[in-house]
Colleague: 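Provided herewith is a single structure, encoded as structure tokens, for subsequent inquiry.
Numbering of residues begins at 1 and proceeds along the displayed sequence. Because the structure is a prediction, the values reported are computed rather than measured.
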Amino acid sequence: MEECISVFDMLKIGVGPSSSHTLGPWRAAERFLEELKDEAILDDITRVKVDLYGSLSLTGKGHATDLAVMLGLSGQDPEYIPVEDIAGIIKKIETTNEINLGNQKVIPFFFLQDIVFNKDFLPFHANGLKFTAYKSDDSEYESTFYSIGGGFVVKEERTNAKEKKAIKCAFPYPIQNAAELLNYTITENKTISEIVYQNEISMRPEAEVHSELMRIWNTMLECMYIGCHSEGILPGGLHVRRRAFDMHQNLIGLSNYTDPQSWLEEIRKTEVKFRQILKWVSCFALAVNEVNASLGRVVTAPTNGSSGVIPAVLMYYMVIENHSAGEKEIKQFLMVAGEIGSIFKKGSTISAAMGGCQAEIGVSSAMAAGALCELMGGTPAQVLMAAEIAMEHHLGLTCDPIGGLVQIPCIERNTMGAIKAINAAELALETDSKNAKVPLDKVINTMWETAKDMNSKYKETSEGGLAVAVNMADC
């Protein structure tokens, strides 16, 4: 049976710094609350304990996993919570030693004792967490979740996605791999975005598809805007200075604007040379991931750690390549990107804890490359070629965050992924797809095999690579 993944599953709005280590555990806490309500025992709970395992434990502090769990247990929604309220909510929990469970019942909560970091791994996935609720009669209710990347959360009893067993897809064009997607475009004489659109409107009204895609883009645009206008030091102890602010000031000069849209229009008026293009694309990507590293609101694309690539490449198209581009092109780009991401999720992984950084920056670069290629007039075969080229040159990329923070090398890697995406799209546009030697499905399978062969210390554990060569004391 086919796995049915919407564009809105791949591109989710949430809070940084990590989709698998922040958004996923946050959503798991929400689901745990729902279970307590379904079991009609929430009012009888006297204490809650959370055990974090594997990668969630090893890099959890740097990724604010503990904070995310507390916010989730408090009944806060990561998509809509005012980010300026987060610090106050956490501070209240820490100072009162109480948590308002589900925003319904206040119980004692000592975060240093009630959130336990266990370095051992659970067998199902590297990102495991177990919730234990204690009732007034001393009985317990336990529930284990796994954050499998991109904000996706599954229960322990669910069959592994690698076995390709999932609920039957109701899409008119169910897609498991790139070959199936390409075949649909040929038999239906449609572009990839048109195939995806038909799938999306089979699940929700057209007006909702339109409004949600534009809400995703507006969140991306606002994130770039905020990042380009925020200066200072990123939190976490590495003392990383924000760079997007200074880079942006040097690029835009004394332009006048008042909001993200007028800002976009002003950028269209700036000088365009190769160096300026490199700087603008890098600036957009830096801006997003600096916001992400500051617990700001971003769009998983397909993850938080790689959330800067797709906005940067789409913004590049909007302000450099096509000044007439608007909602049509934005929706087209996001739908192609989302579909390519879903194919990677089905055939491999989008979790750095399972596949290293190739699963995050590599996938985001492939998503952006394919989407840009379609906007630039590429055929469906060229679109898939662009995605393949981008991933081919990210194979084996490790995940080795210094201090477990999504800062070094993660923020810069988004700039590299964005530039590679543009390069890959251009290469594909200049190539006859009949001469392609490596199909996208082959590179996805290779990525998964590479992920399985990769030493675990290079998969978001902070136990290898730069995370060991450069420690917190060096910074």
Colleague: Using the test side chain to side chain contact (heavy atoms under 4.5 Å, CB included), find all partners of Ala387 that sit at least two apart in sequence or belong to another chain.
Modeller: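 With neighbours one apart ignored, the set is Ile340, Ala366, Leu440.
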Colleague: Please collect all salt bridge (Lys or Arg N to Asp or Glu O under 4.0 Å) contacts where either partner lies in residues 212-223, sequence neighbours excluded, each pair once.
Modeller: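 Salt bridge (Lys or Arg N to Asp or Glu O under 4.0 Å) check on residues 212-223 returns Glu79-Arg215, Glu212-Arg215.
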Colleague: Side chains of Ser147 and His21: any donor to acceptor distance under 3.5 Å?
Modeller: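 No.
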Colleague: Can you name the side chain to side chain contact (heavy atoms under 4.5 Å, CB included) partners of Leu395, sequence neighbours left out?
Modeller: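 Side chain to side chain contact (heavy atoms under 4.5 Å, CB included) list for Leu395, sorted by chain: Gln358, Met391, Val443, Thr446, Met447.
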Colleague: Side chains of Lys155 and Ser143: donor-acceptor distance under 3.5 Å anywhere?
Modeller: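 There is such a pair (donor and acceptor under 3.5 Å, judged by atom type) between the side chains of Lys155 and Ser143.
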Colleague: Restricting to side chain to side chain contact (heavy atoms under 4.5 Å, CB included), what partner residues turn up for Ala369, sequence neighbours left out?
Modeller: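 By the side chain to side chain contact (heavy atoms under 4.5 Å, CB included) rule, Ala369 matches Ala386, Ala390, Ala421, Ala424.
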Colleague: Scan side-chain atoms only and decide if Tyr173 and Glu180 contain a donor-acceptor pair under the 3.5 Å cut-off.
Modeller: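 Distance-only check fails for Tyr173 and Glu180.
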Colleague: Pairing donors with acceptors under 3.5 angstrom, does anything connect the side chains of Ser262 and Asp259?
Modeller: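 There is such a pair (donor and acceptor under 3.5 Å, judged by atom type) between the side chains of Ser262 and Asp259.
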Colleague: Which pairs count as salt bridge (Lys or Arg N to Asp or Glu O under 4.0 Å) when at least one residue sits in residues 112-122, sequence neighbours excluded?
Modeller: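 Every salt bridge (Lys or Arg N to Asp or Glu O under 4.0 Å) pair that includes a residue of residues 112-122, provided the two are not neighbours, is Arg47-Asp114.
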Colleague: For residues 447-457, pull every pair meeting salt bridge (Lys or Arg N to Asp or Glu O under 4.0 Å), keeping only residues two or more places apart or in separate chains.
Modeller: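 Residue pairs passing salt bridge (Lys or Arg N to Asp or Glu O under 4.0 Å), neighbours aside: Glu449-Lys452.
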Colleague: Going by distance alone, is a donor N or O of one side chain under 3.5 Å from an acceptor N or O of the other, for Glu290 and Ser230?
Modeller: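 No, no side-chain donor-acceptor contact under 3.5 Å.
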Colleague: Are any of the side-chain heavy atoms of His210 and Glu327 separated by less than 4.5 Å?
Modeller: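 Yes - at least one pair of side-chain heavy atoms lies under 4.5 Å apart.
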Colleague: State, without any angle test, whether Asp44 and Ser136 hold a side-chain donor-acceptor pair at a distance under 3.5 Å.
Modeller: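 Yes.
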Colleague: Which pairs with one or both residues in residues 405-417 pass salt bridge (Lys or Arg N to Asp or Glu O under 4.0 Å), sequence neighbours excluded?
Modeller: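 The answer is Arg243-Glu412, Asp400-Arg413.
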Colleague: Can you tell me how far the CG atom of Leu42 sits from the CD atom of Glu39, to the nearest 0.5 Å?
Modeller: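 So the CG of Leu42 and the CD of Glu39 are separated by 11.5 Å.
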Colleague: For Asp137, I'd like to know if atom CG has over 12 heavy atoms of other residues, nucleotides or ligands within 6.0 Å.
Modeller: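 Yes, because the 6.0 Å sphere around CG of Asp137 holds more than 12 heavy atoms from other groups.
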Colleague: Just grab all the ring-ring contact (aromatic ring centres under 6.0 Å, His included) pairs involving residues 67-86, residues at least two apart or on different chains.
Modeller: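 Passing the test, one end in residues 67-86: no pairs.
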Colleague: Is the terminal nitrogen or CZ of Lys130 (NZ for Lys, CZ for Arg) located under 6.0 angstrom from the six-membered ring centre of Phe145 and within 45° of that ring's axis?
Modeller: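 Here Lys130 fails the 6.0 Å and 45° test against Phe145.
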Colleague: Looking only at side chains, do Thr132 and Glu140 share a donor and an acceptor under 3.5 Å apart?
Modeller: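 No pair is found: no donor N or O on one side chain lies under 3.5 Å from an acceptor on the other.
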Colleague: Does the salt bridge (Lys or Arg N to Asp or Glu O under 4.0 Å) test come out yes or no for Glu30 and Arg27, once each step is laid out?
Modeller: CA-CA 5 Å; Glu30 288 182 317; Arg27 291 301 189 193; 2.6 Å; yes
Colleague: Taking ring pair (Phe, Tyr, Trp, His ring centres under 6.0 Å) as the definition, give me every residue that meets it alongside Tyr225, ordered by chain and number, with sequence neighbours left out.
Modeller: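 Ring pair (Phe, Tyr, Trp, His ring centres under 6.0 Å) list for Tyr225, sorted by chain: His229, Trp263.
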Colleague: Between Arg241 and Asp246, does any side-chain N to carboxylate O distance fall below 4.0 Å?
Modeller: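 Yes.
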Colleague: For a quick check under 3.5 Å, do Ser306 and Thr303 share a side-chain donor-acceptor pair by atom type?
Modeller: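 Side chains of Ser306 and Thr303: pair found under 3.5 Å.
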Colleague: Begin from the C-alpha positions of Arg31 and Glu35 and carry the test salt bridge (Lys or Arg N to Asp or Glu O under 4.0 Å) through to its verdict.
Modeller: CA-CA 6 Å; Arg31 286 181 56 178; Glu35 290 184 5; 5.6 Å; no
Colleague: Enter the distance from Lys328:NZ to Lys331:NZ here, rounded to the nearest 0.5 Å.
Modeller: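 So the gap between those two atoms works out to 9.5 Å.
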Colleague: Using ring pair (Phe, Tyr, Trp, His ring centres under 6.0 Å) as the criterion, list what pairs up with Phe32, not counting sequence neighbours.
Modeller: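 Only Phe131 meet the ring pair (Phe, Tyr, Trp, His ring centres under 6.0 Å) criterion with Phe32.
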Colleague: Output all residues satisfying salt bridge (Lys or Arg N to Asp or Glu O under 4.0 Å) with Asp441, sequence neighbours left out; order by chain, then residue number.
Modeller: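 Asp441 satisfies salt bridge (Lys or Arg N to Asp or Glu O under 4.0 Å) with no other residue.
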Colleague: Could I get the full list of side chain to side chain contact (heavy atoms under 4.5 Å, CB included) partners for Tyr458, not counting sequence neighbours?
Modeller: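 With sequence neighbours excluded, Tyr458 shows a side chain to side chain contact (heavy atoms under 4.5 Å, CB included) to Thr398, Met454, Asn455, given in chain and number order.
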